[in-house]
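These numbers come from a predicted model, not from an experiment.
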Amino acid sequence: MRLIDYKIKGEPIRINVVETEDDLPAFQTFIERNRRLLGWDTETTGLDWWNHDRDFRIRLAQFGNARESFVLPAERGQVYRNAARWALWAAERLVAHNGTFDQHVAEHTLGVPLEKLAPKSLDSKITGHLVDGRKVKEGGPGLALEDQVAFYIDREAAKEIKGSMTAIAKELKVKKEDVWPIVPLDHPDYLLYAGADPMWAYRLLHIHLNRIKAKTKASGLLSWEHRLSHSTARMERRGVLLDVPYAEARVAELKEEEDKWVKVANGLGVEKIGSGRQIAAVLLADGIKLTKKTLKSGEWSMTDDVLSAIEHPLCEAIIKGKKASKQKGTWFENALKNRDSQGRIHPSINSLQCRTSRMTITGAFPAQTVPKGTSYVRHMLLADEGHNWCCTDYGNMELRGLAAWSGDPTMLKAFHENLDLHDMTATTAFGPMPEGGGHHPMRQYGKGANYTACFGGGWNAVHQQYGVPEKEARKVVSAFWETYPRAKALSKRLMDQARRQGGIYTATGRWIPVDVERPYAALNYFVQGSCRDITAQGILRIEKAGYGDFMRLPVHDEICFSFPKEHALELARETKLLMEYTVNGLLIPADPEIGERSWGDVIDLENSKH
DNA sequence: TCCGTTACGTA
DNA sequence: CGTACGTAACGGAC
């Protein structure tokens, strides 16, 4: 056994590194003594756990408590992997930071299924978020392990240990992301980095549990979030089937498009089409007057808006070339590169990520930013063989939520009687509806006011983003608050609470910090955070009802499914009912849309209706 | 190699 | 006093 002694805040800790089979009995003794709660972690060759049948490997498995840990050289042989597997089975409770990743690793390299690990797992990333979900830049702790350690435990140790992998990468002359498969298993700094992780998770958990607000705890969010992360981990494991020929054809097509416009731009003196500086230089040299500057660096602003308003052959080339290039990389190449041996992609679903608790989807397919209104990208994702793709989305979720949680009678009446809220706001500001039916001529302005108010904005935001003239914008925004006085009261109550206590509770009892200088954000945090929990409860109810295997992706107010064709209608109906939720007597409806095979088919179907 | 900035996509 | 994100490219700092 190799021993590494280290100090956290002057207090000694010990890392036991298992080197031979003779060291295993001591490991087993440690696990048996600490089985009630074990911190754990794995080190791997990369993040692509779905390539476990190709070149992905587990390298180390680590277990520990607050002051002592063991590192198993899992890569070196089955006997060590068996020891790790045994420990995972033996533990009564486990805690890891961002543990769903390690659960995927354990399932595929150690043979312990998610279903075995998840029910007894705690995640210090989740508990940390329940205390304070803000990023470092926002003045919060940050959610990454290093940030959490720096904030809650030991700033110096966090810095040192985080820096150690960067230093090793430098020493081995590779990029940091490429260091993981090649760092020698006996590298002392690697072992310190790895051996400290389970201790960090263990300590963080206890620190968090003492700091989660009593109200949040009482509302049961701790168990709810862990069950949700188990469900999203199952979605990650299942993955989504990729239409490989389609994606490949789009890559070829977009490459041609990109090349064509790059050539045009090159001919006009722009070498890199992504360089705003170069574009501005050419335009200025050709006598074009530029007016808009960027906020921080004060460079000429070169957005699509600016470019499309200029008559110059370069502008079209830049807009189209950049678009083709970005689409090619972000969607098609990324998915192709990240597909597993079965042609499936496994986006990373972060079940509790944003400041407001919303989920995010990153990696192989950043699903929450796929272009809407076109099926071009979405055709790449397929339902399983013999299945239909189905999207079920909540209708008007945030405004319905605002109506229900504020209890505003006018807003509630509008939804109960199926009136158009945008028309209603427009009516208050600009006079009665036209005779003979149809929408209010100023409906767009009403819509702008409705959404902007819900997001915490004022007349200027409506003016800028919806192109509403200043006078009308002022009028429609003040009309909003006059028409819906209880919404105003809710906003005021939340702002008062934010000023007094530094944050607000959502409808589900979740604590969200609010910056003192931006109290107007409180209403949006409340609505966004509470709505996220409606989607989350939908996911959990679907899982509980036994339909979890059909879920593919959660996209804020929408869940995507792959349903077997012969039962698609009935499954869509069942899951819709499970998603729907009544808040203070107001239904938040969910509407399924069944397409043919791909996600794009659903969009084509919707478009054909209009 | 790392990181801040700009830009653009979504709910 | 509009909110919340992720990704790509660029270009200066190290």
Side-chain angles (χ1 to χ4, degrees), chain A residues 133-135 137-138 163 166-167 169-170 173-179 271-280 292-307 318-319 321-323 325-331 333-334 347-348 350 353-374 376-378 393-394 396-399 448-466 473 477 480 491 495 512 514-515 517-529 531-532 535 553-558:
Chain A
R134 289 175 300 168
K135 292 179 292 199
K137 273 187 195 161
E138 298 170 330
T166 313
K170 208 165 195 178
K173 297 188 168 58
V174 293
K175 280 181 287 188
K176 196 181 169 186
E177 57 169 303
D178 295 331
V179 77
E271 194 204 339
K272 289 182 185 288
I273 58 167
S275 170
R277 202 179 287 176
Q278 287 178 22
I279 300 161
K292 203 170 144 198
K293 297 236 178 162
T294 62
L295 204 65
K296 294 197 178 166
S297 63
E299 306 257 5
W300 291 113
S301 180
M302 289 285 107
T303 59
D304 282 6
D305 281 6
V306 172
L307 293 176
I318 296 298
I319 292 172
K322 271 172 76 174
K323 189 171 179 186
S325 163
K326 177 131 192 228
Q327 282 205 337
K328 175 167 68 83
T330 307
W331 304 111
E333 286 177 342
N334 191 14
S348 183
N350 313 297
Q353 187 71 23
C354 306
R355 182 192 189 117
T356 56
S357 81
R358 292 222 285 199
M359 295 175 248
T360 66
I361 302 183
T362 60
F365 189 77
Q368 290 163 329
T369 55
V370 275
K372 60 172 181 183
T374 160
Y376 188 67
V377 173
R378 297 178 196 221
D393 59 343
Y394 289 102
N396 254 321
M397 191 194 230
E398 295 196 330
L399 287 173
N450 286 342
Y451 277 105
T452 307
C454 195
F455 289 162
W459 66 266
N460 197 36
V462 178
H463 169 55
Q464 301 285 338
Q465 276 138 61
Y466 286 80
V477 167
F480 177 90
S491 177
M495 281 201 272
I512 304 180
V514 179
D515 305 338
E517 67 275 21
R518 297 159 67 237
Y520 57 86
L523 178 67
N524 181 247
Y525 290 176
F526 178 89
V527 173
Q528 196 179 110
C531 282
R532 176 275 192 184
T535 307
L553 295 165
V555 188
H556 295 317
D557 65 348
E558 168 179 348

statement: Per-nucleotide protein contact along nucleotides 9-14 of chain C, 5' to 3', at a 4.0 Å heavy-atom cut-off (B base, S sugar-phosphate only, - neither), is -SSS--
Side-chain N or O of [X] closer than 4.0 Å to phosphate OP1/OP2 of [N]:
X	N	answer
A:Tyr525	C:dA4	yes
A:Lys328	C:dA8	no
A:Arg378	B:dT10	no
A:Tyr451	C:dT3	no
A:Thr330	B:dG9	no
A:Ser297	B:dG4	no
A:Thr303	B:dA7	no

- prompt: Is there a residue in residues 361-374 of chain A whose heavy atoms reach under 4.0 Å of DNA chain B, and which residues are they?
  reply: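 Listed by number, they are A:Gln368, A:Thr369, A:Val370, A:Pro371, A:Lys372.
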message: Counting the atoms with a prime plus P, OP1 and OP2 as sugar-phosphate, which does A:Arg358 contact under 4.0 Å by heavy atoms, base, sugar-phosphate, or nothing?
response: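 Base, at least one base atom sits under 4.0 Å.
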- prompt: Testing A:Glu398, A:Met397, A:Arg355 for side chain to side chain contact (heavy atoms under 4.5 Å, CB included) with A:Gln528, which one passes?
  reply: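 Answer to the side chain to side chain contact (heavy atoms under 4.5 Å, CB included) test with A:Gln528 among A:Glu398, A:Met397, A:Arg355: A:Glu398.
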Atom [atom1] of [X] and atom [atom2] of [N]: how far apart are they, to the nearest Å?
X	N	atom1	atom2	answer
A:Ile279	B:dT6	CD1	P	15 Å
A:Met359	C:dG6	CE	P	14 Å
A:Tyr394	B:dT10	OH	P	22 Å
A:Lys135	C:dC5	NZ	C1'	7 Å

message: Taking the nucleotide of DNA chain C with the nearest heavy atom to each, does A:Gly329 or A:Gly133 sit closer to the 5' end?
response: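 In this pair, the answer is A:Gly133.
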- prompt: Would the number of heavy atoms belonging to other residues, nucleotides or ligands and lying under 6.0 Å from NZ of A:Lys176 be above 12?
  reply: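 Result for NZ/A:Lys176: enclosed.
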message: Defining pairs by Watson-Crick or G-U wobble geometry with both distances under 3.5 Å, how would you list the stems of DNA chain C with at least three pairs each?
response: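 If one scans DNA chain C for consecutive Watson-Crick or G-U pairs, the stems found are B:1-11 with C:3-13.
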